[in-house]
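Input: a single structure, listed below in C-alpha cells.
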Number of protein chains: 2
Amino acid sequence: MARTTGSDGEKTEAAVREAAVSLIARFGYEAMSMRQLAAEVGVQAAALYRYFPTKEDLLFTLMREHMEGLSAAWEAARPTTADPARRLAAYVRNHIAFHIERRHATHVSNMELRSLSHERLTQILRMRTAYEKELRAVLRDGVETGVFDIDDTGLTAMALIQMMTGVIVWFRPGERLSVAEVTASYLSMTMRLVGARIDTGTGEERHVHEHAQLRA
Amino acid sequence: MARTTGSDGEKTEAAVREAAVSLIARFGYEAMSMRQLAAEVGVQAAALYRYFPTKEDLLFTLMREHMEGLSAAWEAARPTTADPARRLAAYVRNHIAFHIERRHATHVSNMELRSLSHERLTQILRMRTAYEKELRAVLRDGVETGVFDIDDTGLTAMALIQMMTGVIVWFRPGERLSVAEVTASYLSMTMRLVGARIDTGTGEERHVHEHAQLRA
DNA sequence: CAAATAATAAAACAAACGTTCAATTAATTC
DNA sequence: GAATTAATTGAACGTTTGTTTTATTATTTG
C-alpha cells in the first residue's frame with residue numbers, strides 16, 4: 001500500500017514512456033486510459049502523476065522527444081557534400097531507418113496531434129516544418145544545379161515525405177522484405193520521382209538511383 | 001419534449017452522418033461524444049439511437065459507405081483500354097479527385113480503424129485491399145508489357161497510394177494550388193516513379209507523364 | 001376526425017474517466 | 001539508527017461517457 005521494494009523512479013518513468021507509446025499507437029490516445037497504462041507498467045494510476053502532471057503532458061513529452069530524435073538523427077546523418085543527389089539519398093535513408101525503427105512513436109506523433117492544446121500543437125508542427133524544410137532545401141538545390149527535374153518543390157517534398165513515412169503502415173520487419181531492400185526500393189523511387197540525373201559529360205544521361213541502390 | 005415540428009427521419013439521419021464525419025475528422029472518434037454530435041445536429045443524444053444502434057455502428061457505416069463510394073468511383077472511371085499507362089493515369093486521377101472531394105471521410109476511414117471490432121475491421125480492410133489490388137494489377141500489366149520499370153509492384157503500389165492519399169494532409173482548396181495543378185503534378189510524379197515510357201519505335205524513349213499532364 | 005405511426009425530448013443508469021489526497025513503506029542520508 | 005526523502009498505494013472526487021426507458025408531440029393514414 002505504499003512504496004514497493006526495488007522501486008526506482010527512473011526505471012518507472014522509462015517504463016511509463018515505453019508502455020504509453022505502445023498503447024497509444026495501438027489504441028489511440030483517447031482510448032488509452034491512465035488506469036490501463038498503469039496496469040501495463042504494473043503500478044497504480046496515481047503513481048503516473050509523479051512523472052507526468054497530466055495525460056496531455058505525457059503525450060506532448062512523447063511527441064516532442066520523438067521530433068527531437070528525428071532532427072538529431074538527421075543532424076548526425078547529414079552529409080557534408082554539396083551534391084544534391086547524395087544529400088537526398090542520405091535524407092531518404094535516414095528518414096526510412098528512423099521511422100522503421102520507431103514505428104510506434106511515429107504513429108503517435110502523426111495520429112494524435114489533435115489531442116494537443118493549440119500552443120503545443122504549434123510547437124510540434126514547428127519542429128516538423130523545420131525538418132521538412134531540410135528536404136525542400138535539398139530539392140531546391142538540385143533544381144538550381146540542374147540535377148533534379150521538379151515541378152513544384154514544396155509539393156514534391158510533401159509527396160516524398162508521405163510516401164516514405166507510409167512505410168510504417170505496411171512494413172513489418174521479418175516479413176517478405178528486409179529493411180535494406182525496402183530502403184533500396186524507396187531510394188530508387190525517390191530518385192526517379194525527382195528526375196535525378198547526372199550529366200556524364202558525353203551527352204548520355206543516367207539515373208542516379210542505379211548508383212544509389214548499390215550503396216543501400 | 002417530443003417530436004418537433006418539421007422533423008423528418010431521412011433529413012435527420014443525413015445530418016447525423018454529415019456532422020459525424022466532420023466531428024470525427026476534427027476531434028477523433030473517441031473524442032467525439034454522442035452529446036456533442038447531437039448538439040451539432042440540433043437534437044438530443046437519445047434521438048441518434050433511432051438511426052444508429054451504437055456509436056460504433058455509426059462509425060462502421062461511415063467507413064463502409066466511404067469505401068463503397070471509392071470502389072464505385074473507380075468502377076465508373078476505369079478505362080476500357082488495355083494501355084497500362086492510361087489505366088494508371090485514370091487510377092491516379094480518380095484517387096486524387098475522390099480523396100480531395102471527401103477529405104473528412106477519408107480521414108475517418110484512415111485514422112479510426114482501430115476503433116472497429118475485429119470482424120468489422122477485417123471487412124473494411126478487405127474492401128481496401130480489393131481497391132489496392134486494382135492498382136497492383138495495372139502496375140503488373142505495365143511491367144509485363146514493358147512500359148513500366150518497377151522493382152516490386154506490391155511495394156510500389158503501397159508507396160503510390162500513401163503518396164496520393166497524403167494529399168489530404170496538406171492540400172486545402174483555394175490556396176496556392178488548384179486541384180488540376182495538384183493532379184497534374186501527382187500524375188507526373190507517378191509516371192516517373194514507375195519508370196513509364198512509350199517506345200516510339202525509333203529507339204527514342206519518352207516519358208508518358210509529358211502527355212498525361214496535358215490531359216489533367 | 002380518429003387511430004396509428006414516426007420522431008423526438010427528458011430523465012435516468014451504471015460504468016469509466018482524469019485527477020487529487022492522505023497514508024504508508026522503501027531507500028537514502030547524516 | 002534516527003531523520004529525511006522517494007515512490008507508491010488505496011480510496012475518493014466530481015464529470016462525463018454511451019445507452020435505455022418512458023412519455024410526449026407531430027405527422028400520416030384510414
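Letters A, B, ... are given to chains in the order of the sequence lines, protein chains preceding strands, and every chain is numbered from 1. Computed from heavy atoms alone, side chains included, the values below leave out hydrogens, waters and symmetry copies.
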Query raised in the report: Tell me: OH of Y29(B) to C1' of dG18(D), nearest whole Å?
Result: 9 Å
Query raised in the report: Can you say whether the rings of Y131(A) and H95(A) are parallel (under 30°), tilted (30 to 60°) or perpendicular (over 60°)?
Result: parallel
**Report entry** N/O donor-acceptor pair under 3.5 Å between K55(B) side chain and S33(B) backbone
**Finding:** no
Query raised in the report: Atom CD of Q36(A) and atom P of dC17(C): how far apart are they, to the nearest Å?
Result: 8 Å
Query - L187(A)/I96(A) under side-chain contact (heavy atoms from CB on, under 4.5 Å): CA gap, chis, key distance, verdict - result: CA-CA 10 Å; L187(A) 261 175; I96(A) 292 182; over 6 Å; no
**Report entry** Under 3.5 Å: donor-acceptor pair, side chain of E181(A), backbone of S178(A)
**Finding:** yes
Report summary line: In whole angstroms, the gap separating C1' of dT19(D) from CG of L37(B) amounts to 14 Å
Requested in this report: Tell me what Y51(A) touches on the nucleic acid: a base, only sugar-phosphate, or nothing, going by heavy atoms under 4.0 Å.
Outcome: sugar-phosphate
Report task. Compute the ring centroids of F171(B) and Y186(B), then answer whether they are less than 6.0 Å apart. Result -> no
Report task. Nearest whole angstrom, please: distance from the P of dA6(D) to the NZ of K11(A). Result -> 18 Å
Report summary line: Taking dT24(D), dA27(C), dA12(C) as options, the one with an atom nearest any side-chain atom of T5(A) is dA27(C)
Report task. Taking only the side-chain nitrogens and oxygens of S33(B), find out if one of them lies under 4.0 Å from OP1 or OP2 of dT17(D). Result -> yes
Report task. Rounded off to whole Å, could you give me the CD-to-P distance for the E30(A) and dT17(D) pair? Result -> 10 Å
Requested in this report: For DNA chain D, find the residues of residues 40-50 of chain A with a heavy-atom distance under 4.0 Å and give them by number; none if there aren't any.
Outcome: V43(A), Q44(A), A46(A), A47(A), R50(A)
**Report entry** Whole angstrom value for the distance that separates P of dT20(C) from CE of M34(A)
**Finding:** 10 Å
Requested in this report: Nearest whole angstrom, please: distance from the C1' of dA15(C) to the CZ of R35(A).
Outcome: 11 Å
**Report entry** Member of H99(A), H66(A), R128(A) meeting the side chain to side chain donor-acceptor pair (under 3.5 Å) criterion with N110(A)
**Finding:** R128(A)
Requested in this report: Measure the distance from CD on E13(A) to P on dA7(D) and round it to the nearest whole Å.
Outcome: 10 Å
**Report entry** Greater than 12 external heavy atoms within 6.0 Å of E119(B)'s CD
**Finding:** no
